[in-house]
Structure formats: C-alpha cells, structure tokens
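Shown below is the structure under consideration.
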Amino acid sequence: MIDIEEYGIHEGISEIILTTISPGGVPNAAPMGLHRKDGRLFARIYNSKTLDNILSKPIAAANIVDDPVLFVQSALSDIESERFELVDSFPLLKDTLGWIIFDCTCKKGENISVVELSPVKGKITARKLQPINRGFNAVIEAAIHATRYVVLKEQKYFDCIEYYNSIVKKCGGEREKNAMRLLYEFIGIQK
Ligand SMILES: Cc1cc2nc3c(=O)[nH]c(=O)nc-3n(C[C@H](O)[C@H](O)[C@H](O)COP(=O)(O)O)c2cc1C
C-alpha cells in the first residue's frame, strides 16, 4: 500500500514527468500535472504520445524530478533512451528523486482525456531540502507556455515566456538559465 503523502503528492496539482511505453517498447517522458482531489488521483491529458501509449498499455509512472533542464527537454523533445532505466520492465527516469507506477483507467475525450491513476508500486530514492526558487518555478511556467507556443504560435504565449525568463535571469542559477537557453532553442528563437 502506497502512502501518497510520503511522496509529497498533496491536494492540488503536482508537476511530475510521466513515463509511458509505446506498443513497440519505446519509452516516452513528458511533464504532466498529477491531480489529487477528494481522494482521487488523475491526469488530464491532451492528445499526445503519452495518451496513445496509455491507451495501448494502461500503465504510467510519475517521476518526481527537480531538474529544470529535464522538464524542458521532456516537454519539447524526445528524451534519449540512455536517460531511462527499466524497473520491472517499465521505463523510469534515472534522475528521478522518487517514482510511483500507476495502473491507468482512461476516459477518452475528443481533445482531452481523463486518466484515473491507481498506485501500484513506488520508491523514494532521494530526499532533499528544497527551498523555493522563483527561477525554477519560472522555468516550469515558461515550459508550459512553450508547449502551447510551438503548437499555436500565438504571441501571447511568447510574451509569457519572455516574462518568466526575466524572473529566471533575476532568481535562477546556472541550471535554470541553461534550461531557458534550451527552451528558446526548441522554440526556434535565438537569444
Ligand atoms: C510543467 C508542465 C505540465 C504539463 N502538464 C500537462 C498536462 O497536465 N496535460 C497535458 O496534456 N499536457 C501537459 N503538458 C504538456 C506536455 O508535456 C507536452 O504537450 C508534451 O510535448 C507531450 O509530449 P508527448 O507527445 O511525448 O506525450 C505540460 C507541460 C509542462 C511543461
């Protein structure tokens, strides 16, 4: 029995990186919001590789990650296979601080599907004191806007990215600044 509180998954939405596996056995990673509400755990997933994978094999793992570069890479590109490790034949990220594998039940929608998550197995691999860094949080916000910008190319998303970048410049360290450099590269903007 998994105590979800132990993993720092409280009420509200926790941003994790969800790993899944394709029918051909190719691992995939993408940031997703893990919702906890009234005793339920679920994700709201737009049409994507993650959703296709869950529909064909209804298992997913929440990887609890504190690396801003990994959030940007997995949001906007495919993660190299060397960054995964297999646990019970299921792909997890090597850099995870902790993970939970879930059985998934999917309520398919036209654009967005609700995936109910039942914890099966988990492990905490590292416990770290993590004072809040506005630069880190700003990378996460910028990455969300970037995933919309690459699809819709609307100026409002780019303006948000620029705003969050100003916070990264002020409050972030080298890893947050590297993550933003990568983000601009992925959206095709030279800085
Ligand atoms: C912090 C963060 C949270 C995200 N949360 C979600 C989410 O809850 N649902 C969703 O469909 N996409 C979410 N996204 C966007 C996906 O990660 C993005 O569309 C990704 O490219 C999907 O990859 P895939 O096609 O490999 O599954 C989020 C992105 C970020 C950066």
### Message
Looking at Lys169, I want to see if its NZ is surrounded by more than 12 non-hydrogen atoms of other residues, nucleotides or ligands under 6.0 Å.
### Response
no
### Summary
Value for OG (Ser118) from CZ (Arg40), rounded to nearest 0.5 Å, stands at 11.5 Å
Check: residues 1-28 side-chain donor-acceptor pairs under 3.5 Å, at least two apart:
unit_1, atom_1, unit_2, atom_2, d
Asp3, OD1, Glu5, N, 3.1
Glu5, OE1, His10, ND1, 3.0
Glu5, OE2, Arg36, NH1, 2.6
Glu5, OE2, Arg36, NH2, 3.4
Glu6, OE1, Arg127, NH2, 3.3
Tyr7, OH, Gly122, O, 3.3
Tyr7, OH, Lys123, N, 3.1
Glu11, OE2, Asp38, N, 3.3
Thr19, OG1, Asn63, ND2, 3.0
Thr19, OG1, Pro91, O, 2.8
Thr20, OG1, Asn53, ND2, 3.0
Ser22, OG, Gly24, N, 3.2
Ser22, OG, Gly25, N, 3.3
Ser22, OG, Val26, N, 3.0
Asn28, ND2, Thr50, OG1, 3.4

### Query
What residues form a side chain to side chain donor-acceptor pair (under 3.5 Å) with Lys121, not counting sequence neighbours?
Asp88
### Message
Let me check something: do Tyr157 and Val168 share a hydrophobic cluster, defined by ILVMFWY side-chain heavy atoms less than 4.5 Å apart, either directly or through other members?
### Response
yes
### Task
Please step through side chain to side chain contact (heavy atoms under 4.5 Å, CB included) for the pair Ile167 and Glu141, ending with a clear verdict.
CA-CA 11 Å; Ile167 296 177; Glu141 295 300 328; over 6 Å; no
### Task
Might you point out which heavy atoms bring Ala62 and Phe102 nearest each other, and give the distance in Å?
CB-CE1, 3.6 Å
### Query
Taking atom CZ of Phe90 and atom CG of Leu92, what is their separation to the nearest 0.5 Å?
7.0 Å
### ILVMFWY network linking Leu76 to Ile189, side-chain heavy atoms under 4.5 angstrom
yes
### Message
I need the Arg181 CZ to Asn165 CG distance, nearest 0.5 Å.
### Response
10.0 Å
### Query
According to a 4.5 Å side-chain heavy-atom criterion applied to Ile, Leu, Val, Met, Phe, Trp and Tyr, with indirect links allowed, do Tyr46 and Met32 form part of one hydrophobic cluster?
no
### Message
Rounded to the nearest 0.5 Å, what separates atom CD1 in Ile100 from atom CD1 in Ile64?
### Response
5.0 Å
### Task
Name all residues meeting the side chain to side chain donor-acceptor pair (under 3.5 Å) criterion together with Arg134; count only those two or more places apart in sequence or in a different chain, and write none if there are none.
none
### Message
Measuring only between side-chain heavy atoms, which start at C-beta, is Ser89 closer than 4.5 Å to Leu86?
### Response
no
### Query
Which atom pair, heavy atoms only, marks the closest approach of Gly135 to Glu176?
C-CG, 3.7 Å
### Query
Taking atom NZ of Lys37 as the centre, does the number of heavy atoms from other residues, nucleotides or ligands within less than 6.0 Å exceed 12?
no
### Query
Would a hydrophobic clustering, with Ile, Leu, Val, Met, Phe, Trp and Tyr connected at side-chain separations under 4.5 Å, put Val120 with Val87?
no
### Nearest heavy-atom neighbours spanning Phe136 and Arg175
CD1-NH2, 4.0 Å
### Message
The test is side chain to side chain contact (heavy atoms under 4.5 Å, CB included); show your working for Phe84 and Leu93 and say whether it passes.
### Response
CA-CA 5 Å; Phe84 293 92; Leu93 291 170; 4.0 Å; yes
### Query
Heavy-atom count around Lys107 NZ within 6.0 Å, excluding the residue itself: above 12?
no
### Query
When rounded to the nearest 0.5 angstrom, what distance separates CD1 in Ile144 from CD1 in Ile161?
11.0 Å
### Message
How close do Cys104 and Leu117 get, counting heavy atoms only, and between which atoms?
### Response
SG-CD2, 3.8 Å
### Task
Would you check, one step at a time, whether the test side chain to side chain contact (heavy atoms under 4.5 Å, CB included) holds for Val65 with Asp95?
CA-CA 7 Å; Val65 168; Asp95 289 334; 5.7 Å; no
### Query
Ignoring hydrogens and geometry, is there a side-chain-to-backbone donor-acceptor pair from Asn111 to Asn47 under 3.5 Å?
no
### Task
Mark yes or no: Lys156 above the aromatic ring of Phe158, with NZ or CZ under 6.0 Å from the six-membered ring centre and no more than 45 degrees from the axis.
no
### Euclidean distance, Asp103 CG relative to Glu116 CD, rounded to 0.5 Å
12.5 Å
### Query
Taking it one step at a time, do Ile140 and Phe71 satisfy side chain to side chain contact (heavy atoms under 4.5 Å, CB included)?
CA-CA 7 Å; Ile140 300 302; Phe71 267 97; 3.5 Å; yes
### Query
Got more than 12 heavy atoms from elsewhere within 6.0 Å of NZ, Lys177?
yes
### Message
Does Leu152, at its CG atom, have more than 12 non-hydrogen atoms belonging to other residues, nucleotides or ligands within less than 6.0 Å?
### Response
yes
### Mutual orientation of the aromatic rings belonging to His145 and Tyr164 [parallel < 30°, tilted 30-60°, perpendicular > 60°]
parallel
### Query
Linking I/L/V/M/F/W/Y whenever their side-chain heavy atoms sit closer than 4.5 Å, directly or via other members, would Phe42 and Ile45 fall into one cluster?
no
### Message
Is any side-chain heavy atom of Glu154 closer than 4.5 Å to one of Arg148?
### Response
no
### Query
Shortest non-hydrogen contact from Thr96 to Gly98?
OG1-O, 2.6 Å
### Task
Evaluate the side-chain proximity of Arg83 to Gln73: yes if any heavy-atom separation is below 4.5 Å, no if none is.
yes
